Amino acid sequence: MPIAIAPGRVNLIGDHTDYQGGFCLPMAIDRAVNVAFDARDDARVVVHSEAGGEQIVAAVVEVLAERGRPAIGLDARVTSTLPIASGLSSSAAFEVAIALACAEVANFDLAGRELALAAQQAEHRATGVPCGVMDQMACALGVAGHALLLDCRSLNVTPVAIPRDAILTVAHSGLPRRLADSEYASRRAACEAAAARLGVHSLRDATPAQVADDPIARHVVSENARVLRFAEALPARDLTAAGALMLESHASLRDDFQVSTPELDELVNLAMEQGALGARLTGAGFGGCIVALSVRPLDLPNSFVATATDGARVIAKET
Ligand code: GLA
């Protein structure tokens with residue numbers, strides 16, 4: 001049986017910027033949703049998954065049909081090494097893996113950006129959460145050994161080499177992302193309102209001076225600038241500068257954008273006490289994980305060292 005493998009992601013910097021046409025810098029990680037699949041003789045898509053996800057499967061099938069996928073069914077079995085509801089994009093990985101399996105059985109060409117956009121559309125439809133495109137792009141387009149500088153307006157992707165001595169530790173706060181969906185939507189709406197007030201298409205186009213008195217918009221504008229500086233510091237091996245930017249990002253997400261929690265703040269502090277160069281919450285916030293940058297191993301609770309991997313793919317496996 002072939003297997004569709006779709007990795008989760010950790011975002012190194014640039015949160016709550018993607019849906020404002022901004023920049024972010026995620027990497028696909030070595031934890032993934034795996035979907036073993038086989039074509040069926042009818043058009044049914046039968047997915048065995050312990051974690052549920054029926055609505056997402058239905059939405060993926062619908063979105064692909066609209067894009068012209070021939071209705072060829074499949075039997076699929078889902079396994080995962082990616083923790084669920086941790087802010088590591090398990091749902092994006094699930095969408096992408098199912099989409100890839102559906103495409104493969106039908107000999108339907110779907111890759112890269114198109115795969116990411118289809119998965120994002122399925123997420124919107126199945127969950128109603130108006131997510132940006134970062135998670136699905138990272139999952140679909142990851143490059144081993146690299147983070148991806150994403151321009152979420154042009155959907156341009158620039159791989160950014162991660163120095164070999166950089167250790168990226170992901171630690172879970174112990175909190176599922178409760179309230180995340182409604183808070184996420186309200187932050188996004190606040191950004192859109194700020195952009196409308198300023199008369200710009202999105203906050204990507206706002207200047208620091210324009211948003212000086214609006215903490216929500218200020219976060220987005222300052223975060224975009226940090227992403228671009230980070231994307232220069234990282235390949236230049238300036239890990240001290242990169243770490244400092246991560247800390248600034250965390251402070252901005254905590255104080256201006258207000259999506260941190262005391263548990264996330266504490267984990268960031270713990271990482272710094274242990275000698276990390278920088279640390280920040282990663283993803284939407286309201287629980288989930290932090291990511292820390294260090295050159296020596298850290299000893300954080302509920303943590304693992306993440307390695308940057310290639311994006312989603314299908315491998316042939318003997319049964
Ligand atoms: C979630 C969304 C992404 C992005 C992040 C915050 O992960 O799915 O599109 O907006 O939150 O950066």
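Residue numbers count from 1 along this sequence. Both counts, for ligands and for their atoms, begin at 1 and track the order of listing. Not measured: the values here are computed from a predicted model.
- Among the atoms of N11, none of the N or O lies under 3.5 angstrom from an N or O of ligand 1.
- Contacts with ligand 1 closer than 4.0 Å are made by side-chain heavy atoms of R9 only, the backbone lying farther away.
- S252 and E223 are not linked by any side-chain donor-acceptor pair at a separation below 3.5 angstrom, with hydrogens and angles left out of the test.
- Under the 6.0 Å distance and 45° angle rule, R77 does not count as a cation-pi partner of F37.
- Proximity to Y19 (heavy-atom distance under 4.0 Å) selects the following atoms of ligand 1: 10 (O).
- For D30, there are no salt bridge (Lys or Arg N to Asp or Glu O under 4.0 Å) partners at least two apart in sequence or on another chain.
- Residue G283 approaches ligand 1 through these ligand atoms, each under 4.0 Å from one of its heavy atoms: 6 (C).
- Short contacts between ligand 1 and Y184, defined as distances under 4.0 Å to a heavy atom of the residue, involve ligand atoms 1 (C), 2 (C), 3 (C), 4 (C), 9 (O), 10 (O), 11 (O).
- Look at D165 and R237 and you find a salt bridge, because one of the NZ, NE, NH1 or NH2 atoms lies within 4.0 Å of a carboxylate O, short of that distance.
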List the steps and the verdict of ring-ring contact (aromatic ring centres under 6.0 Å, His included) for F230 and F23. CA-CA 11 Å; F230 190 98; F23 300 102; over 10 Å; no
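- Considering backbone and side-chain atoms alike, H16 places an N or O below 3.5 Å from some N or O of ligand 1.
- With ligand atoms numbered from 1 in the order given, ligand 1 contributes 3 (C), 4 (C), 9 (O), 10 (O) to contacts under 4.0 Å with heavy atoms of D18.
- Residues satisfying the salt bridge (Lys or Arg N to Asp or Glu O under 4.0 Å) criterion with D238, sequence neighbours excluded, are absent altogether.
- Within the 4.0 Å heavy-atom criterion, the part of D135 lying near ligand 1 is the side chain and not the backbone.
- Here's the thing with G132: one of its N/O atoms is less than 3.5 angstrom from an N/O atom of ligand 1.
- Classification of the F257-H16 ring pair by plane angle, with boundaries at 30° and 60°, yields tilted.
- Proximity annotation for atom 5 (C) of ligand 1: of M134, Q120, R188, M134 comes nearest, heavy atoms only.
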